[in-house]
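From a predicted model like this one, the values you see are computed outputs, not experimental measurements. Side-chain atoms are counted along with the backbone in the values below, which use heavy atoms only and exclude waters and symmetry mates.
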Amino acid sequence: MKQLLIGNAAVARGLYEAGCEVISSYPGTPSTEITEEFAKYDDVYCEWAPNEKVAMESAFGAALRGKRSACCMKHVGLNVAADPLFTMSYTGVNAGLVICVADDPGMHSSQNEQDSRHYAISAKIPMLEPADSQESIDFSKLAYEISENFDTPVLLKMCTRVAHSQSIVNTSDRVVHEKPYEKNPQKYIMTPGNAIKRHPFVEERTKALTEYAETTPLNRIEEGDGSYDFCIITSSTSYQYVKEIFGDTVSVLKLGMVNPLPVDLIKDFTRPFEKIYVIEELDPVIENHCKSLGIKVIGKEKFSILGEFSQKSIARAMGINDKFKRTLDTEIPVRPPMMCAGCPHRGMYYVLAKNKITVLGDIGCYTLGAMPPLNALDMTLCMGASVSGIHGFNIAGGEECEKKTVCVIGDSTFMHSGVTGLINIAYNQSNSTVIILDNSITGMTGHQQNPTTGYNIKGDPAGKVNLEELCRSIGINSVRVVDPYNLEECEKAVKEELEKNEPSVIISRRPCVLLKYVKPKKPLSVNKEKCRSCKKCMKFGCPAISFRDNHAVVDSTLCIGCGVCQQLCAFDAFESEGE
């Protein structure tokens, strides 16, 4: 049956058709939809795990037991899961295990643009890289065959453009494959004595996979019509751009298996050509491989190592700008990211900024508190780093820091990797104040459930972690909950907790305004006669408030009636309907 699917939905379909029975993931753009789409099938098990390491280990456990499994994450999530990844290369698998990782060239929603191919190379695990939705289905299915035939987990690499672009696919029926579980201590118990015996297996497997890469249909040669005297080696979205520029006029080696890379196939393909281009986003992985074979190629000296490519950027680098000269007559205004109108995080950030408090931040919607006019954050590194970081910051800075420094972290991120940092604070007793911004959902990736919400991936009731009890159970005696819509309450709590000579936690709790069950109040309006043009309300950064004709104006289509602006205005200019 033909369907129009985005790449992530196609991966989910491919995993389903291949008989995958268990998926455990942590949401992260641009990978999230794979798991969300897979969860729509009723005859499989699907879950959100607290973090990517847990997800990968859970998927490994399912594969060990004999059921095909998968886990999905974004590129930085693979950092979190690297520990089990490298050892799983040694143990191998029982039933097939596919690890879906989505890179983010251009950093549309990420703190770096690392290239996940390096993980495949370092862990000595095969990696497949589809270039469209049909390949996303086909490669997902083939990944299980490779996994079981070569006794290895398989990495399936997506990227933002393939993950979120749509194309026509042909779907098939589901076929389930299961394997019996047999106890095998030498294979699966990675004590040094067993692990040292498994390393030779990994090296022999790499040789076998390299031979497979020479003939697999994952890698294919597309002969040109002779219009050009050069050839191109490429993969993923870069292949799509090349085809849009050149069509069938240039010879292309399209690589779908990017680790291990073939040797003879590349040598045979490039032999007739004096000029060879390697076009790949981010790092020169294919380029360096070709150079190691003694093949002179043109790569990163022409094509950027930074960000995403496009048809225009590739054409420009190759000196054929005439194909892409079209430009817009009007310059498109920049639309900076910002927290939504009525966002519960804004009130707490206003209090922190007002009191000139140093704030160590974390990964999530609340990272947007770094944007003007709040400028509330001093640091954002990676998931959970705010809690670990404030401990070190205060240890190094002493009382001078302790009285004017906090960290902020979301409820989902806290469960992901913040709780271990808090255990460190409690155990080593740094005088640190941690603010958990609890908006009752995993917000920035699209409203996924997490262990604090009480619901699972399908929205059914599930186990619920009580944040207050959890914090107290690990040794934090001072735990209090505030409403971020109440500025006075927030300011009082922050000042009091900073004065204490012990670790403390403030839970700033109010659900995300975009949740379906959150009903907005009537929008506010500005009484022009009361407005004194002081612009204090503009310091709050609410996108529903602007300043025109010398007074504040409320956009009623954005305002949700949270009332925080009323607390800021000394002249009572913000009024509810009917006042």
Side-chain angles (χ1 to χ4, degrees), residues 343-362 364 366-367 369-370 373-381 384-411 413-414 418-439 452 466-510 536 539-541 564 567-568 570:
C343 176
H345 305 325
R346 185 175 280 107
M348 178 59 76
Y349 278 155
Y350 176 80
V351 167
L352 297 174
K354 172 189 171 185
N355 288 278
K356 295 181 172 53
I357 292 171
T358 299
V359 182
L360 306 190
D362 225 291
Y366 45 91
T367 309
L374 290 169
N375 302 305
L377 299 185
D378 291 74
M379 179 277 282
T380 298
L381 181 64
S386 65
V387 186
S388 306
I390 192 175
H391 174 75
F393 193 84
N394 285 341
I395 290 293
E399 187 173 353
E400 180 184 353
C401 287
E402 294 170 353
K403 301 302 182 184
K404 59 180 182 181
T405 303
V406 303
C407 74
V408 293
I409 187 168
D411 49 320
T413 313
F414 179 74
V419 64
T420 48
L422 189 63
I423 290 171
N424 189 41
I425 288 173
Y427 175 56
N428 289 298
Q429 285 292 294
S430 69
N431 186 14
S432 300
T433 299
V434 176
I435 301 177
I436 301 175
L437 302 171
D438 182 5
N439 66 350
T452 73
N466 184 301
L467 285 174
E468 297 94 302
E469 292 182 5
L470 174 61
C471 293
R472 292 189 181 101
S473 70
I474 62 178
I476 305 297
N477 297 318
S478 182
V479 180
R480 65 199 290 178
V481 179
V482 298
D483 179 359
Y485 280 179
N486 188 325
L487 298 182
E488 184 180 348
E489 180 184 26
C490 289
E491 187 163 9
K492 183 174 184 290
V494 168
K495 288 181 176 179
E496 288 179 355
E497 296 308 315
L498 284 173
E499 285 300 315
K500 292 180 179 178
N501 292 315
E502 63 175 330
S504 61
V505 170
I506 300 171
I507 301 172
S508 176
R509 177 171 290 149
R510 183 171 278 270
K536 188 175 181 180
K539 296 178 181 178
F540 186 53
V564 177
Q567 301 171 53
L568 292 175

*Does some side-chain heavy atom of Arg480 sit less than 4.5 Å from a side-chain heavy atom of Glu489?*
no
*Would you mind reporting whether Ile425 and Ile390 have side-chain heavy atoms less than 4.5 Å apart?*
yes
*asked:* Check whether Glu497 reaches the backbone of Ser504 with its side chain - one donor and one acceptor, N or O, closer than 3.5 Å.
replied: no
*Might you point out which heavy atoms bring Ile435 and Ser508 nearest each other, and give the distance in Å?*
CG2-CB, 4.4 Å
*asked:* Using a 3.5 Å distance criterion without hydrogens, assess whether the side chain of Thr433 forms a donor-acceptor pair with backbone atoms of Val406.
replied: no
*Is any side-chain heavy atom of Leu568 closer than 4.5 Å to a side-chain heavy atom of Lys539?*
no
*Distance from Asn439 atom CG to Arg510 atom CZ, nearest 0.5 Å?*
12.0 Å
*Is the closest side-chain donor-acceptor distance between Lys403 and Asn501 under 3.5 Å?*
yes
*Kindly indicate whether the side chain of Ile476, heavy atoms from C-beta on, has any atom under 4.5 Å from the side chain of Leu422.*
yes
*Considering only heavy atoms from C-beta outward, does the side chain of Pro484 approach that of Arg346 to under 4.5 Å?*
no
_If I take atom NE2 from residue His345 and atom OG1 from residue Thr367, how far apart are they, to the nearest 0.5 angstrom?_
9.0 Å
_Asp411 (side chain) donor-acceptor with Ile436 (main chain) under 3.5 angstrom_ = no
*Could you pull out the closest heavy-atom pair between Ala493 and Val482, with the gap in Å?*
CB-CG1, 3.6 Å
*Ignoring hydrogens and angles, tell me if any N or O in the side chain of Asn355 forms a donor-acceptor pair with the backbone of Ile357 under 3.5 Å.*
no
*Does atom NZ of Lys500 have more than 12 heavy-atom neighbours, drawn from other residues, nucleotides or ligands, at distances under 6.0 Å?*
yes
*If every non-hydrogen atom of Cys407 is compared with every non-hydrogen atom of Ser386, which pair is closest and at what distance?*
CB-O, 3.4 Å
*Is the backbone N or O of Val359 less than 3.5 Å from a side-chain atom of Asp378, with the two atoms forming a donor-acceptor pair by type?*
yes
_Quick one: does any side-chain atom of Thr413 pair with a main-chain N or O of Ile409 as donor and acceptor, under 3.5 Å?_
no
_Test item: Asp362 and Leu437 side chains (from C-beta on) under 4.5 Å apart, heavy atoms_ = no
*To the nearest 0.5 Å, how far apart are CG in Leu487 and OH in Tyr350?*
7.5 Å
*Which atom names give the shortest non-hydrogen contact between Pro373 and Phe540, and what distance separates them?*
CG-C, 4.3 Å
*Straight-line distance of Ser478 OG to Arg472 CZ, nearest 0.5 Å*: 9.0 Å
_Donor-acceptor contact below 3.5 Å, side chain Tyr349 vs main chain Tyr366_ = yes
_Rounded at 0.5 Å granularity, tell me how far SG in Cys490 sits from CD1 in Ile506._
8.0 Å
*What's the shortest heavy-atom distance between Asn394 and Cys401, and which atoms?*
OD1-CB, 3.5 Å
*Between Val481, Val434, Val387, Leu467, which is the residue that forms a side-chain contact (heavy atoms from CB on, under 4.5 Å) with Val505?*
Val434
*Side-chain (Gln567) to main-chain (Tyr485) donor-acceptor, under 3.5 angstrom*: yes
*Enter the distance from Lys404:NZ to Thr358:OG1 here, rounded to the nearest 0.5 Å.*
6.0 Å
*Do Asn466 and Leu470 come close enough that some side-chain heavy atom pair is under 4.5 Å?*
no
*Do the side chain of Gln429 and the main chain of Ala426 share a donor and acceptor less than 3.5 angstrom apart?*
yes
*Is there side-chain contact between Phe414 and Cys471, with heavy atoms separated by less than 4.5 Å?*
yes
*Specify the closest pair of heavy atoms between Gly421 and Ser388, including all atoms of both residues, with the distance to one decimal.*
CA-OG, 3.8 Å
